[in-house]
Amino acid sequence: MFTKKNLTLAATVAALGLSNSAFAEKFEFSSSSTKAGAVVVFQAGDQASPDLSRLDKQSQSQISNALKAADFSGKSKQMVEILAPVGMDAKRLIVVGLGDDAKLNAGDVNLVGADISAKLKSSKVENVQVFTQGISDSVSNANFAAELAHGINLRAYKYDKYLSKKRPAEKNYHVVVSQPAKAESRYESLEAIEQGVFLARDLTTEVPTEMTPVDFAKAAKELKKLGVKVKILKPKQIKKMGMGALYAVGKGSSEGSRLVVAHWKGSDDAPIALVGKGITFDSGGYNVKTGSSIANMKSDMAGAAAVLGTVKAMALQKAPVNVVAVMGMAANMVSENSVAPGDIVMTAEGKSVEILNTDAEGRLVLSDSLWYARKNFEPKVMVDVATLTGSKIRAVGNRYIGLFSNDEELVTQLTASGDIVGEKLWRLPLAYGDMLKSPVADLRNIGKGGPGATTAAMFLKEFTGDTRWAHLDIAGNALTASDKGVTQAGGTGHGVRLLSHWILNTQVK
Ligand code: BES
Ligand code: ZN
Ligand code: ZN
């Protein structure tokens with residue numbers, strides 16, 4: 001059964017009509033079993049066989065023969081599906097290997113859930129029963145059950161707005177667990193995080209002409225229904241406040257730039273500021289992008305989507321935290337009004353910037369956004385999230401987020417959260433600041449070859465004052481072309497789970 005609290009979250013999302021992301025598989029955690037079309041059981045590496053004690057002798061021997069024939073030994077990532085198992089009501093039995101379950105962290109369990117969801121995707125089965133008793137991750141049996149549900153749901157999400165073949169109907173999962181109330185309360189927080197991830201995915205996957213700075217601002221305003229304070233600055237105000245860099249990037253597009261602020265004040269602590277790059281389409285500007293990479297540039301607002309998704313995740317669960325997201329939004333387009341290479345703009349920080357390459361626009365919108373966050377909120381710590389550089393992809397690829405920081409404790413905390421949720425970080429150096437020297441302005445907006453992700457980060461550092469700060473370069477992480485892990489093809493929502501885990505589980509001083 002759903003607890004009252006769970007109903008509240010599901011009902012809140014549905015009643016408020018909070019966009020496409022209201023989709024969710026249905027989970028109930030229970031200590032007793034039920035009937036279902038599909039049954040999932042696990043075998044940890046130290047078990048000789050899955051727990052089939054509820055079945056009669058004949059079924060047990062059929063199943064163990066099938067497992068033998070498939071060379072199943074309970075190793076991690078092994079999965080065997082047995083159709084029409086003898087002596088069971090279910091149409092299919094799925095046996096999943098876990099390896100050493102005591103070593104599984106949350107992200108590992110999410111991936112197991114994702115594999116189960118992928119396996120069941122094409123089947124018409126509506127009800128699934130999952131037996132988790134006796135299985136614990138590195139935390140507990142209840143945690144295993146909740147993280148499993150989280151992984152199943154993360155993988156089941158699909159952005160199907162433009163597909164005539166819609167995603168399959170939601171399935172009902174009956175999860176048998178020894179402490180159902182504990183599993184349920186743990187899942188409640190994860191469910192809110194899922195909704196944050198789904199929002200980030202919706203925004204990232206939406207096509208560029210339907211997700212402009214104004215559209216994004218509209219999506220942010222929806223969070224007002226959850227008690228989030230939302231403020232939008234238009235180009236005129238942006239210019240008047242001196243944010244010349246943010247202003248410049250948007251001036252080649254008809255809508256111009258927006259600064260979007262979304263504040264969840266669930267405590268009186270000094271705020272944590274999350275700053276997001278929100279380029280709704282990056283054509284490169286006059287340094288126009290050539291080649292196929294331009295087709296992915298609708299996702300250049302994934303940093304803004306991730307920080308907004310995190311705020312939604314905190315608001316939905318009424319988390320006792322003070323988090324503000326500041327998002328610098330613009331479409332980087334080519335027109336007679338666009339900024340031209342060689343132009344010099346003035347940032348609100350008071351540093352002038354020579355724009356030598358209009359394709360290095362992310363750092364420009366972030367410079368004024370970082371300033372705004374510091375000036376208006378005096379945060380105890382700032383984390384920016386941005387699809388900032390191709391150089392980051394060349395350095396660490398798309399299985400890591402590039403991490404830059406001026407604070408060792410922050411590095412340790414964020415890296416630990418990333419390992420736990422499976423959004424891993426790799427630290428890169430803050431150096432080569434001399435490469436940003438310009439003879440005509442305080443800074444140039446590009447480095448000089450070589451360490452492009454680092455010089456981009458060094459540029460941002462100029463706008464962080466003495467605030468503790470980390471920069472997450474998520475270029476390559478934001479969009480996936482194929483179904484993989486906890487994500488189907490499309491926007492990944494990368495950053496939401498990482499930031500949510502960090503904010504909820506770490507003492508951020
Ligand atoms: N949005 C891109 C970075 C990017 C590249 C994100 C590939 C995701 C996938 C960014 O604005 C950009 O174009 N950066 C340039 C900077 C260069 C001109 C100094 C780059 O990395 O090539
Ligand atoms: Zn660019
Ligand atoms: Zn960009």
Side-chain angles (χ1 to χ4, degrees), residues 200 204-205 208 211-213 216 245-246 248-253 257 275-306 327-334 338-343 353-369 384-402 404 428 432-433 435-436 438 443-460 471-481 490-492 494-495:
T204 305
T205 315
M211 189 45 62
T212 63
F216 188 97
L246 172 59
V249 177
K251 81 191 174 87
S253 69
S257 305
V275 178
K277 170 178 172 181
I279 301 300
T280 58
F281 184 69
D282 183 9
S283 73
Y286 273 104
N287 292 96
V288 70
K289 285 186 184 294
T290 53
S292 58
S293 72
I294 195 170
N296 288 333
M297 285 304 136
K298 67 173 184 181
S299 66
D300 212 19
M301 34 58 70
M327 295 149 278
M329 309 301 306
N332 187 23
M333 301 305 244
V334 185
S338 297
V339 67
D343 271 345
V353 179
E354 183 186 14
I355 300 180
L356 286 170
N357 190 319
T358 59
D359 198 11
E361 82 300 333
R363 62 200 78 184
L364 298 172
V365 302
L366 285 171
S367 64
D368 282 332
S369 304
D384 77 73
V385 188
T387 47
L388 204 62
T389 64
S391 160
K392 174 265 160 178
I393 303 177
R394 292 189 289 278
V396 297
N398 63 7
R399 296 185 200 157
Y400 286 86
I401 293 171
F404 300 83
L428 293 165
Y432 303 101
M435 291 183 176
L436 295 171
S438 158
L443 289 166
R444 37 189 270 149
N445 79 326
I446 51 169
K448 290 179 176 155
T454 276
T455 46
M458 284 303 279
F459 184 93
L460 300 182
H471 157 55
L472 307 181
D473 193 334
I474 60 164
N477 305 104
L479 206 59
T480 171
T492 61
H494 230 72

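We count ligands from 1, going down the list as the structure has it; atoms in each ligand are counted the same way. Values reported hereafter were calculated over all heavy atoms of this structure, with side chains retained and with hydrogens, waters and symmetry mates removed.
The CD1 atom of Ile294 sits 6.0 Å away from the OG atom of Ser283 when rounded to the nearest 0.5 Å. To the nearest 0.5 Å, atom NZ of residue Lys289 and atom OG1 of residue Thr358 are 9.5 Å apart.
In terms of polar-atom proximity, defined here as any N/O pair under 3.5 Å, Lys289 does make such a contact with ligand 1. Considering backbone and side-chain N/O of Asp300, one or more are found under 3.5 Å from N/O of ligand 1. For ligand 1, the polar-atom distance check finds no N/O of Ala475 at less than 3.5 Å from any of the ligand's N/O atoms.
Between Ser367 and Val353, the closest side-chain pair of non-hydrogen atoms is not below 4.5 Å. Here the side chains of Leu388 and Leu472 are not in contact, with every heavy-atom distance at 4.5 Å or above.
Among protein heavy atoms, the minimum distance from atom 2 (C) of ligand 1 is reached at Asp282 OD2, 3.6 Å. In terms of protein heavy-atom proximity, atom 12 (C) of ligand 1 is nearest to Asp359 O, 3.2 Å. Of all protein heavy atoms, the one lying nearest to atom 20 (C) of ligand 1 is Gly390 N, 3.7 Å. Nearest to atom 3 (C) of ligand 1 among the protein's heavy atoms is Leu388 O, 3.5 Å. Ranking protein heavy atoms by distance to atom 16 (C) of ligand 1, first place goes to Arg363 NH2, 3.8 Å.
Judged by distance alone, with hydrogens and angles left aside, the side-chain atoms of Lys392 form no donor-acceptor pair with the main-chain N or O of Ile401 at under 3.5 Å.
Shortest non-hydrogen contact noted between Met211 and Thr280 is O-CB, 2.9 Å. Smallest separation of non-hydrogen atoms from Pro451 and Ser391: C-OG, 4.2 Å. Across Asp359 and Asn287, no two heavy atoms sit closer than the pair CB-O, 3.9 Å.
For residue Asp282, an N/O/S atom approaches the Zn ion (ligand 3) to within less than 2.8 Å. Ile279 lies apart from the Zn ion (ligand 3) in this respect, since none of its N, O or S atoms is found at a distance under 2.8 Å. At least one N, O or S atom of Asp359 sits under 2.8 Å from the Zn ion (ligand 2).
The local environment of OH in Tyr432 is sparse, with at most 12 non-hydrogen atoms from other residues, nucleotides or ligands closer than 6.0 Å.
For the ligand labelled ligand 1, residue Lys277 lies inside the 4.0 Å heavy-atom shell. Ligand 1 is never approached by Lys392 to a heavy-atom distance shorter than 4.0 Å.
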Worksheet item: Given Leu364 and Leu246, is the side-chain contact (heavy atoms from CB on, under 4.5 Å) satisfied, shown in steps?
Response: CA-CA 6 Å; Leu364 298 172; Leu246 172 59; over 6 Å; no
Worksheet entry | Intermediate values then yes/no, side-chain contact (heavy atoms from CB on, under 4.5 Å), Val365 and Met329 | CA-CA 7 Å; Val365 302; Met329 309 301 306; over 6 Å; no
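At a threshold of 4.0 Å, the pair Lys277-Asp300 counts as salt-bridged, since one of the basic side-chain nitrogens sits closer than that to a carboxylate oxygen.
No other N/O/S atom of Asp300 lies as close to the Zn ion (ligand 3) as OD2 does. No other N/O/S atom of Glu361 lies as close to the Zn ion (ligand 2) as OE1 does.
When each atom of ligand 1 is checked for a heavy atom of Asn357 under 4.0 Å away, the hits are 18 (C). Near Ile393, meaning under 4.0 Å from any of its heavy atoms, are these atoms of ligand 1: 7 (C), 9 (C).
Within the set Glu361, Met297, Met301, the minimum heavy-atom distance to atom 4 (C) of ligand 1 is found for Met297.
Looking at Ile446 against ligand 1, only its side chain comes within 4.0 Å, counting heavy atoms.
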